[in-house]
Colleague: 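Sharing a structure here in structure tokens format.
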Amino acid sequence: MKSHLRLWPLACLLILFAACSDIEEAYEVLPVTKAPSLESNHITWRWAELYLEIEKDLPGFRPAPTCRAMAYIHMGAYETAVPGMNSYRSLSHVIPFEPPVLNYPADKINWPIALNAYYARVHRFFLFNANNDQVFRINSLEEQEHAVLSRDIAEGIVENSVKWGQDMADAIMAYSETDREGATQSRVAIPSDYFPPVGEGLWVPTNGTNAMFPYWGKVRTFAAKHNDLISVPPSYAYSTDPSSKYYQDHLEVVNAVNGLTYDDRWIAEFWSDDLTGMTFSPPARIFAIANQLMAAESWNLEETLHMYCRLGIAINDAAVAAWKSKYIYNTERPVTYIHKYIDPNFETILGNAIGTSGINPAFPGYPSGHSTFAGVSDRIFTHFFGENYEFTDHCHFGRTEFNGIPRTYTSWTQMAEENAYSRIPLGVHIRMDCYEGLRLGNVSAVKALSLDLQK
């Protein structure tokens, strides 16, 4: 009888151990030699770089759908790691997104491993028109990073981290699909049921391409509200009078293009990013700048995810605002007016880099989309890095098709204004378009920054 009593505590311990093993899985019994870490932002930087490499070649994906994709990708990345963040809380407090339930203690998740699984799944989803080679590159990066990140990590933690990242990917993808306008329009760049209005001073298709994304103003926004999404009316009226401001703005474009200086061409083509297959898109350019900043700054993963999340929200809302306003006002491109009233032989320099002059974007002019994204960059980067930050943009270093020599700026406002007004010597916008775009982008960024994500 006494021998049985002596065995009873041991039996209880074995039962308790077995129960704990069932509940806590393998991470309680395998050695953990490396703690879950939010110290390095490498995983976010690397996936953001791959996005830019693939987005460059995606047809029909710019400029509006890429804004939507970048927003959801970076919002979901933020949500993936937010249970382990010290300073920030879930987006579910400010937008109607319900994240999945984390069924494991936060200290049993390795956030870079979870993010790697997350990024791979959402890249395959949002880059929906990627070809087989591009999908292979996504899969390869996932495998390479997983192999490095999971080294010396307990098997149970690795499995739980991967599952958490995939669960979050599924949740953010499902949330994106509840915006039927965005999900549908992303895949139809030029809808056949849109017919541009006809009238003096109104936009007409050029280069044989009909209107791109005319209904994008209906796509979901995250911070901006209805009144934030409509540009103020054009600041001066259509006129053919040579003394009018409208005429003078178009004459400025003619003089800039016909009298192009070395610096003006450098600036115009340095910021263009219009041509699929050559560079990433104009809104993605803002993320390319953010990537350079992340490589230069010693930010941790938490800070990086927070900044990219805010930037994604602002870029998305800015695109909705700009394209909504474009198709409200439907103002003509400079080439249309200039051919009628100033110079019938005028051509833009957009396309010179590929040997095809005279290209014009396939949507109305006011406000300038480039300038709107520039306005976002001004306010977001000023918020996170301070106003007087010296930055050298190496985005196009080494390019041979155009002058990609890096350019240096002493403030974000200086950089944003150069980006915005670069559209004048390129020949595709008048000054009024650029001025309003900067203002509208600032509004979108302020709204994104006002979302209360602090714990």
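FYI, side chains are in, hydrogens and waters are out, and symmetry mates aren't considered; it's all heavy atoms of this structure.
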Colleague: Any side-chain to backbone donor/acceptor pair from S325 onto S231? Under 3.5 Å, distance only.
Modeller: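 Confirmed, S325 side chain pairs with S231 backbone.
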Colleague: Is the distance from the ring center of H396 to that of F280 below 6.0 Å?
Modeller: yes
Colleague: Where do E401 and N352 land on the side-chain contact (heavy atoms from CB on, under 4.5 Å) test, with the steps shown first?
Modeller: CA-CA 9 Å; E401 308 92 332; N352 279 13; over 6 Å; no
Colleague: From E269 CD over to L350 CG, what is the distance, rounded to the nearest 0.5 angstrom?
Modeller: 9.0 Å
Colleague: Would a distance-only check, ignoring hydrogens and angles, find a side-chain to backbone donor-acceptor pair under 3.5 Å from S140 to F136?
Modeller: yes
Colleague: Using 30° and 60° as the class boundaries, would you call the ring planes of Y119 and H123 parallel, tilted or perpendicular?
Modeller: perpendicular
Colleague: Could you report the tightest heavy-atom contact between A420 and A374, atom names first, then the distance?
Modeller: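 A420 and A374 have their closest heavy atoms at N-CB, 4.2 Å.
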Colleague: Take R46 and L141, measure what side-chain contact (heavy atoms from CB on, under 4.5 Å) needs, and give me the verdict at the end.
Modeller: CA-CA 9 Å; R46 186 64 192 90; L141 180 59; 3.7 Å; yes
Colleague: For the residue pair W412 and Y389, does the interplanar ring angle fall in the parallel (under 30°), tilted (30 to 60°) or perpendicular (over 60°) class?
Modeller: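 The arrangement is parallel - the two ring planes meet at less than 30°.
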Colleague: Distance under 6.0 Å and angle within 45° of the ring axis: does R220 meet both against Y175?
Modeller: yes
Colleague: Quick one about S90 and E79 (side-chain donor to acceptor, distance below 3.5 Å, no hydrogens or angles considered), yes or no?
Modeller: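 Side-chain D/A pair, E79 to S90: present.
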Colleague: Would you sort out whether H370 and Y421 count as a ring-ring contact (aromatic ring centres under 6.0 Å, His included), showing the intermediate values?
Modeller: CA-CA 9 Å; H370 257 74; Y421 294 110; over 10 Å; no
Colleague: May I ask you to check whether Y409 and F391 place their ring centres under 6.0 Å from each other?
Modeller: no
Colleague: For V188 and Q185: C-alpha separation, side-chain torsions, deciding distance, then whether side-chain contact (heavy atoms from CB on, under 4.5 Å) applies.
Modeller: CA-CA 5 Å; V188 184; Q185 292 183 48; 5.9 Å; no
Colleague: Report the distance from atom OH of Y238 to atom OG1 of T331, rounding to the nearest 0.5 Å.
Modeller: 12.0 Å
Colleague: Taking 4.0 angstrom as the limit, do R89 and D452 come out as a salt bridge?
Modeller: yes
Colleague: Is R285 close enough and on-axis enough to W271, meaning under 6.0 Å and within 45°, for cation-pi?
Modeller: yes
Colleague: Rounded to the nearest 0.5 Å, how far does CD1 of I359 lie from OG1 of T206?
Modeller: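 Rounded to the nearest 0.5 Å, the OG1-CD1 separation comes out at 9.5 Å.
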Colleague: So, E142 and R121, do they make that salt bridge, N to O below 4.0 Å?
Modeller: no
Colleague: What do you reckon, is CZ of F397 surrounded by more than 12 foreign heavy atoms closer than 6.0 Å?
Modeller: no
Colleague: Might you work through the side chain to side chain donor-acceptor pair (under 3.5 Å) test for Y215 and E181, ending with a clear yes or no?
Modeller: CA-CA 8 Å; Y215 306 124; E181 292 288 349; over 6 Å; no
Colleague: Do T413 and D378 meet the criterion of a side-chain donor-acceptor pair at a distance under 3.5 Å?
Modeller: yes
Colleague: Between Y246 and Y337, is the ring centre distance below 6.0 Å?
Modeller: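 Y246 vs Y337: aromatic centres under 6.0 Å.
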Colleague: Over 60° means perpendicular and under 30° means parallel, so tell me whether W45 and H42 are parallel, tilted or perpendicular.
Modeller: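 Tilted, since the angle between the ring planes falls between 30° and 60°.
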Colleague: Regarding D273 and T279, do their side chains bring together a donor and an acceptor under 3.5 Å, going by distance alone?
Modeller: yes
Colleague: With a 4.0 Å cut-off on N to O distance, would you call E53 and R137 a salt bridge?
Modeller: yes
Colleague: With a 6.0 Å cut-off on the ring centroids, do Y78 and H74 count as close?
Modeller: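 Centroid separation for Y78 and H74: 6.0 Å or greater.
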Colleague: At what distance, to the nearest 0.5 angstrom, does CE of M168 lie from OG1 of T80?
Modeller: 5.0 Å
Colleague: Answer yes or no: is there an ion pair linking R423 with D433, defined by an N-O contact shorter than 4.0 Å?
Modeller: no
Colleague: Looking at F213, Y366, F363, which one forms a ring pair (Phe, Tyr, Trp, His ring centres under 6.0 Å) with W323?
Modeller: F363
Colleague: More than 12 heavy atoms of other residues, nucleotides or ligands under 6.0 Å from CD of Q454: yes or no?
Modeller: yes
Colleague: So with a 6.0 Å cut-off around OH of Y435, is the heavy-atom count from everything else above 12?
Modeller: no
Colleague: In sequence, state the C-alpha distance, the side-chain angles, and the governing distance for N41 and T44, and then conclude on side chain to side chain donor-acceptor pair (under 3.5 Å).
Modeller: CA-CA 6 Å; N41 63 18; T44 293; over 6 Å; no
Colleague: Over 60° means perpendicular and under 30° means parallel, so classify the ring planes of Y51 and F61, tilted if in between.
Modeller: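 Tilted: the ring planes of F61 and Y51 meet at 30° to 60°.
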Colleague: Quick one, D274 with S272, criterion side chain to side chain donor-acceptor pair (under 3.5 Å). Give me CA distance, side-chain angles, the key distance, then yes/no.
Modeller: CA-CA 5 Å; D274 291 278; S272 175; 2.4 Å; yes
Colleague: Assess the pair F222 and Y72: is the distance between their ring centroids shorter than 6.0 Å?
Modeller: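 Here the rings of Y72 and F222 have centres that are less than 6.0 Å from each other.
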Colleague: Does S40 reach the side chain of P112, with side-chain heavy atoms less than 4.5 Å apart?
Modeller: no
Colleague: Between atom CG of D167 and atom CG of L102, what is the distance when rounded to the nearest 0.5 Å?
Modeller: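 Answer for the CG-CG pair, D167 versus L102, is 9.0 Å.
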Colleague: Apply side-chain contact (heavy atoms from CB on, under 4.5 Å) to residues M75 and R310 and explain how you reach the verdict.
Modeller: CA-CA 8 Å; M75 288 165 60; R310 300 269 191 186; over 6 Å; no
Colleague: How about R379 and N442: does a side-chain donor come under 3.5 Å of a side-chain acceptor?
Modeller: yes
Colleague: Parallel, tilted or perpendicular, judged at 30° and 60°: which one describes the rings of Y308 and F287?
Modeller: tilted
Colleague: Hey, mind stepping through T209 and N207 against side chain to side chain donor-acceptor pair (under 3.5 Å) and telling me if it holds?
Modeller: CA-CA 6 Å; T209 303; N207 308 118; over 6 Å; no
Colleague: Can a salt bridge be assigned to the pair E252 and K245 using a cut-off of 4.0 Å between side-chain N and carboxylate O?
Modeller: no
Colleague: To the nearest 0.5 Å, how far apart are CG in N291 and CH2 in W47?
Modeller: 14.0 Å
